[in-house]
Amino acid sequence: MYDHGANIYAYKKKLLDYSSNINPLGIPDSFKEALIQGIYEFERYPDYRYHELKKALSSYLEVDSKDILVDNGSVELIHKVIQCGFHKVVTLAPTFSEYEKAAVKAGVPFEVIPLTKGIEGNHSYYDLDDEKLIERVEKETLVIICNPNNPTGNLLSKDRLENLIAHITKKGGYLLVDEAFIELSLNPQATLMKNYKQYKRLIISRAATKYFGLPGIRLGYMITSNERLLNKLAAGIGPWQVNTAAELAKVIFKDRDYMIRTNETISKEIPYCYRVLQKINGIKVYKSSTIFHLVELENDFDAYRLKENLIEAGYLIRTPDGFRDLSQQYFRIAVKGSTHNIQFLKVLEREVSK
């Protein structure tokens with residue numbers, strides 16, 4: 001069963017996709033130009049060692065190029081990490097469903113730590129019980145944390161990540177932090193990227209998908225200073241896993257204008273959407289640090305019925321399929337540009353108040 005956002009292809013009607021969390025600015029102009037200028041690059045094989053791509057990533061992320069792995073999307077890399085001989089995978093719930101799928105596919109035992117509810121003002125939110133997570137770590141355990149977490153939007157601070165990796169390392173485990181949305185968060189500094197070399201049992205995963213608005217390119221990258229793990233992963237990645245179009249995307253990592261405009265947009269639109277959602281009767285919104293919000297229906301609606309009504313109005317939302325611990329009362333909505341957000345939130349209010 002398809003349980004991700006962006007299943008917009010299932011509908012003949014033209015819809016504005018609020019199920020998929022992509023940079024509202026869309027494709028960077030720098031990539032459009034590089035694609036046109038580099039069209040004849042498709043006449044030859046890509047450099048299967050990806051020297052120029054890794055050089056661009058090294059500069060952008062401020063990491064050593066030898067510690068970078070690239071592949072056909074970050075999901076591919078996460079699947080391959082889990083196949084590296086870990087005894088157990090531990091992650092959260094609700095969170096991105098591919099972690100569990102990858103563990104099941106690899107035949108690795110899988111455990112879930114439910115996120116706990118707390119209270120913030122009049123709204124509940126999800127948070128992690130760090131001690132409970134650490135208790136479940138054994139030797140050769142791989143802990144996977146999505147930060148910010150999908151679909152709840154909560155973000156662990158750098159201090160908490162440092163505490164977790166210290167305890168996980170002490171117990172002989174590894175920590176994989178999936179930072180698919182970190183660059184689209186209100187606190188992109190909540191990462192261990194700048195001091196990743198201190199932690200030999202840390203893996204950080206990112207992609208061009210969300211921040212650079214390029215889900216169709218399938219360019220993922222992973223960073224770790226663990227040479228043994230790097231070699232093991234590299235051995236499982238065949239040549240030309242990154243195609244020429246994705247390799248041409250290296251220009252995006254120098255596109256400062258795009259980054260500035262993106263940060264200006266999300267710094268306004270994330271809190272704006274939250275404020276408006278708070279005022280809509282019949283729903284409870286979970287405060288998010290990134291470009292989506294988890295919403296809970298408090299009336300007789302369920303998310304599937306709401307989804308069908310919104311499709312009629314021209315919008316697609318993300319229902320809870322594939323997320324553990326989310327009932328049919330939950331749905332997730334993306335944050336887009338100002339004009340679209342204003343229009344969509346009015347339609348949403350109309351539909352939930354019927």
For Tyr304 and Gln328, test the side chains for any donor-to-acceptor distance below 3.5 angstrom and give the result as yes or no. no
Pair Lys88 + Glu138: basic N to acidic O under 4.0 Å: yes
Salt bridge or not between Asp302 and Arg305? Use side-chain N to carboxylate O under 4.0 Å. no
Out of curiosity, Thr290 OG1 to Leu184 CG, how far, rounded to the nearest 0.5 Å? 5.5 Å
Is the closest side-chain heavy-atom distance between Arg218 and Thr209 below 4.5 Å? yes
If every non-hydrogen atom of Gly213 is compared with every non-hydrogen atom of Ile27, which pair is closest and at what distance? O-CG1, 3.9 Å
Side chains of Asn195 and Lys158 in contact at under 4.5 Å (non-hydrogen atoms): yes
Beyond-backbone contact of Thr319 with Tyr330, side-chain heavy atoms, under 4.5 angstrom: no
For the pair Arg206 and Glu179, find out whether any cationic side-chain nitrogen is under 4.0 Å from an anionic carboxylate oxygen. yes
Electrostatic pair Glu98-Lys101, nearest N-O below 4.0 angstrom: yes
Kindly compute the distance separating CD1 (Ile145) from CD1 (Ile165), expressed to the nearest 0.5 Å. 9.0 Å
Any residue meeting ring pair (Phe, Tyr, Trp, His ring centres under 6.0 Å) with Phe344, in chain and number order, not counting sequence neighbours: Tyr18, Tyr315
Below 30° counts as parallel, above 60° as perpendicular, anything between as tilted: where do the rings of Phe86 and Tyr174 land? perpendicular
Smallest separation among heavy atoms of Ile311 and Lys13, with atom names: O-NZ, 3.2 Å
With distance as the sole test, does Asn341 use its side chain to make a donor-acceptor pair with the main-chain N or O of Lys336 at under 3.5 Å? yes
Is the shortest heavy-atom distance from the side chain of Leu230 to the side chain of Asp67 under 4.5 Å? yes
Ring geometry between Tyr258 and Phe212 (parallel below 30°, tilted from 30 to 60°, perpendicular above 60°): parallel
Less than 4.5 Å apart, side chain to side chain, heavy atoms only: is that true for Pro24 and Glu269? no
Is there a continuous path of hydrophobic side-chain contacts, each under 4.5 Å between heavy atoms, that joins Phe96 to Leu294? no
Contact summary for Tyr274 and Lys287, nearest pair of heavy atoms: CE1-CA, 3.4 Å
Can Glu227 and Lys200 be counted as an ion pair, charged N to O under 4.0 angstrom? no
Do Leu92 and Leu128 have side chains that approach each other closer than 4.5 Å (heavy atoms only, starting at C-beta)? yes
Which residues pass the side-chain contact (heavy atoms from CB on, under 4.5 Å) test with Lys66, sequence neighbours left out? Asp64, Lys197
Donor-acceptor list for residues 234-248 side chains, cut-off 3.5 Å, not counting sequence neighbours:
| residue | atom | partner | partner atom | Å |
| --- | --- | --- | --- | --- |
| Trp240 | NE1 | Pro46 | O | 3.2 |
| Gln241 | NE2 | Asp71 | OD1 | 3.3 |
| Asn243 | OD1 | Ala245 | N | 3.1 |
| Asn243 | OD1 | Ala246 | N | 2.8 |

Let's go through Lys250 and Glu52 carefully: what are the C-alpha distance in whole Å and the side-chain angles of both, what is the deciding distance for salt bridge (charged side-chain N to carboxylate O under 4.0 Å, His left out) to 0.1 Å, and is it a yes or a no? CA-CA 8 Å; Lys250 60 182 176 286; Glu52 291 302 313; over 6 Å; no
With heavy-atom distances below 4.5 Å as the criterion, would you say the side chains of Lys171 and Thr141 are in contact? no
Any sub-3.5 Å donor-acceptor pair from Ser353's side-chain atoms to Arg350's backbone N or O? yes
Decide yes or no for Ile68 and Met222: does some side-chain heavy atom of the first lie under 4.5 Å from some side-chain heavy atom of the second? no
Pick one: which of Ile223, Leu142, Asn226, Val177 meets side-chain contact (heavy atoms from CB on, under 4.5 Å) with Ile203? Leu142
Checking Thr152 against Asn149: is there a side-chain donor and acceptor pair closer than 3.5 Å? yes
Assess whether side chain to side chain donor-acceptor pair (under 3.5 Å) is satisfied between Ser157 and Asp159, documenting all intermediate values. CA-CA 5 Å; Ser157 68; Asp159 287 346; 5.2 Å; no
Side chain of Ser289, backbone of Gly153: donor and acceptor closer than 3.5 Å? yes
State whether the side chain of Asn23 and the backbone N or O of Tyr211 hold a donor-acceptor pair below 3.5 Å, judged by distance alone. yes
Arg318 and Asn21: side-chain donor and acceptor closer than 3.5 Å? no
Pair Asp129, Thr116: side-chain N/O donor-acceptor within cut-off below 3.5 Å: no
